[in-house]
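These numbers come from a predicted model, not from an experiment. Just so it is clear: chains get the letters A, B, ... in the order the sequence lines come, proteins before strands, and each one is counted from 1.
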Amino acid sequence: GENVEQHPSTLSVQEGDSAVIKCTYSDSASNYFPWYKQELGKRPQLIIDIRSNVGEKKDQRIAVTLNKTAKHFSLHITETQPEDSAVYFCAASIGGYQKVTFGIGTKLQVIP
Amino acid sequence: DAGITQSPRHKVTETGTPVTLRCHQTENHRYMYWYRQDPGHGLRLIHYSYGVKDTDKGEVSDGYSVSRSKTEDFLLTLESATSSQTSVYFCAIGGEQGAPYGYTFGSGTRLTVV
């Protein structure tokens, strides 16, 4: 099955700085890569996703990049704000949008 | 919120007892999933369903069974609860072929096995 590795496990940044979270996947057949944000005590929520036929996608202050050759993808958050503090999960799925495999999560702390 | 609810929200049970968690959706989604969340492991798939009475195992299915007799309900049963099954359990819907592609999660069930 698919294996998704995520790093770092924790990340602290000053408010206004950028944050980058990196993930690698094992199965070259993976073709869908969502990112979820989970605030403390809440459910995970989809914040952005990318499909394998796209190299980069942006949505306001967040962007995802995908390198299929290297089998890695990244989440970039610019101009971080305290409300960006949360756990972020990367994920990947093979052959469709079901049975998503998650990384272990990155706890992001934005220091005011 | 988002047409998916889980019950109960919290449960404490004794080792060796059976436990059933319920997930109910009003979105008429074909696919439903049960994940468990544990520190250092992220979210791991237990079982999923791709239609009424159609289910399959995920990566951590041992000790769990599921049933889906109606489109809207997906039940997770711990056949004989063990302390290693203490976790937060999330139900999710989504993964359809049309956008949006991502999951919508329920609010979670915090299960403690003592």
Does the gap between the ring centers of B/Phe90 and B/Tyr33 come in under 6.0 Å? no

At a heavy-atom separation under 4.5 Å, does B/Leu45 approach chain A through its side chain, its backbone, both, or neither? side chain

Measure B/Tyr103 against the heavy atoms of chain A and call it side chain, backbone, both or neither at under 4.5 Å. both

A/Trp35 ring center near A/Phe73 ring center (under 6.0 Å): yes

Hey, are A/Arg61 and A/Asp84 close enough for a salt bridge, meaning a charged N less than 4.0 Å from a carboxylate O? yes

Part of A/Val100 within contact of chain B (heavy atom distance under 4.5 Å): both

Verify the distance criterion only: is there a donor paired with an acceptor across the side chains of B/Tyr48 and B/Tyr35 at less than 3.5 Å? no

Part of A/Gln38 lying under 4.5 Å from any heavy atom of chain B: side chain

Say whether, by atom type as modelled, one donor and one acceptor occur between the side chain of B/His10 and the main chain of B/Leu111 under 3.5 angstrom. no

Heavy-atom contact with chain B under 4.5 Å, split by part of A/Pro44: both

